[in-house]
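The structure appears right after this line, and notes come after that.
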Amino acid sequence: MPQLKYPAIDWNQLRREAFPSSGSRRRDPSSWDQRARSFAKRNSGSLYARKFIALLRPQPHWTILDVGSGPGTLALPLARLVSSITCLDFSAEMLAIVRERCQEEGLDNIRTCRISWSEDWSKEQLPRHRVALASRSLGVADLKGAISRLSAHASDRVVVTDTVRHGPADPAAFQAIGRPLQSKPDYIYTLNLLYQLGYLARVEFIRLDEPLCYGSLAEALAGYAWMFPQLDHREEGLLKKYLRSIASRDQDGTITLHRAQVPTWAFISWNPHER
Ligand SMILES: C[S@@+](CC[C@H](N)C(=O)[O-])C[C@H]1O[C@@H](n2cnc3c(N)ncnc32)[C@H](O)[C@@H]1O
């Protein structure tokens, strides 16, 4: 048997090959456009955003580049805490929500820029920011390229979050309806790649350990819909049964879901100049 040597492992390639073939759906801006409103509703003011910002410890003088910003999950609350933010995303609808919310909240220090990870960013004449973020937006084939772009655009710090194991999905729900959960490569590939590139990355964890609360079972079902595109009638029945099995009902009729596994994100940060 040939000896496997750590330095010979190409973590970028290994990660690329570990993506399920159906993962390409998520790489299309129109699929993000369609999900933008429901994503924004689910994530605004979320436990994830609060825990992320607590770990980030933003400084008033920071300028932040937020790559794959989505509807401003982080940019909107951060805008009041830092100097300015550039939101970069390839989904027009996600960025439209950022602009709408800036108007509603009277924020004037967020700029939006519609571009993808793989396009040439130089045409946007992006200044170098103090901090570059990529929160839950590393679904790219070329992770090495993404890391080098983030590092080149930040003077002080780069922060990414990546999945741990199954990510935000609920594995027990997949089991209950009989669909296989196609796990994507998680943070351990990213960490190994950063190590090989010489960065001194630090890892912390965001555990979403709050039970999920909904006004009704129908709302809870809608809250799970993003996990299961094209749910058929039989699957919907099985999902309802599963949700009932993990739900408790409060006196006011509120439904609380108690998931067996806590969704967890890896919060990885590094100084782009320290190697
Ligand atoms: C899961 S959302 C994360 C949004 C936000 N950062 C957060 O944590 O809530 C992923 C975002 O990345 C964007 N995205 C995905 N692939 C991209 C690509 N190749 N180039 C630019 N943006 C991309 C999507 O449009 C979406 O807004």
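Note that ligands are numbered from 1 as they come in the structure, with each ligand's atoms numbered from 1 the same way. No hydrogens, no waters, no symmetry mates; every other heavy atom, side chains included, goes into these values. Sequence positions, counted from 1, serve as the residue numbers for this chain.
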Is there a heavy atom in [X] that sits closer than 4.0 Å to ligand 1?
X: Asp89; answer: yes
X: Phe39; answer: yes
X: Ser69; answer: yes
X: Ile115; answer: yes

Against heavy atoms of [X], which atoms of ligand 1 measure under 4.0 Å?
X: Gly70; result: 4 (C), 27 (O)
X: Ser116; result: 20 (N), 21 (C)
X: Ser137; result: 12 (O)
X: Ser91; result: 25 (O)

message: Please work out, at 4.0 Å between heavy atoms, whether the side chain, the backbone, both, or neither of Thr73 comes within that distance of ligand 1.
response: side chain
query: Just heavy atoms, cut-off under 4.0 Å: does Met94 contact ligand 1 by side chain, backbone, both, or neither?
result: side chain
query: For Phe174, what residues pass the ring pair (Phe, Tyr, Trp, His ring centres under 6.0 Å) criterion, not counting sequence neighbours?
result: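 For Phe174 the ring pair (Phe, Tyr, Trp, His ring centres under 6.0 Å) partners, ignoring immediate neighbours, are Phe228.
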task: Report yes or no: is the cationic atom of Arg35 (NZ for Lys, CZ for Arg) closer than 6.0 Å to the six-membered ring centre of Trp226, at no more than 45° off its axis?
output: no
- prompt: Is it true that the NZ or CZ of Arg202 lies under 6.0 Å from the centre of Trp270's six-membered ring and within 45 degrees of the ring axis?
  reply: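 No - Arg202 does not lie over the ring of Trp270 by the 6.0 Å and 45° rule.
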- request: Apply the side-chain contact (heavy atoms from CB on, under 4.5 Å) test between Leu231 and each candidate in His233, Met227, Glu235; give the one that qualifies.
  value: Glu235
- prompt: What do you reckon, are the aromatic ring centroids of Phe267 and Phe205 less than 6.0 Å apart?
  reply: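 No, the ring of Phe267 stays outside the 6.0 Å limit from the ring of Phe205, centre to centre.
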message: Under a plain distance cut-off of 3.5 Å, with no hydrogens placed, do His129 and Thr86 share a side-chain donor-acceptor pair?
response: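 Yes, side-chain donor-acceptor contact under 3.5 Å.
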query: If you measure only the distance, is there a donor-acceptor pair under 3.5 Å linking the side chains of Asn43 and Tyr48?
result: no
query: Quick one: does Asn192's side chain have a donor or acceptor within less than 3.5 Å of a partner on Trp11's backbone?
result: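 Here the side-chain-to-backbone pair does not exist.
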field: Polar contact flag for Ser135 and ligand 1 (N/O pairs, less than 3.5 Å)
entry: yes
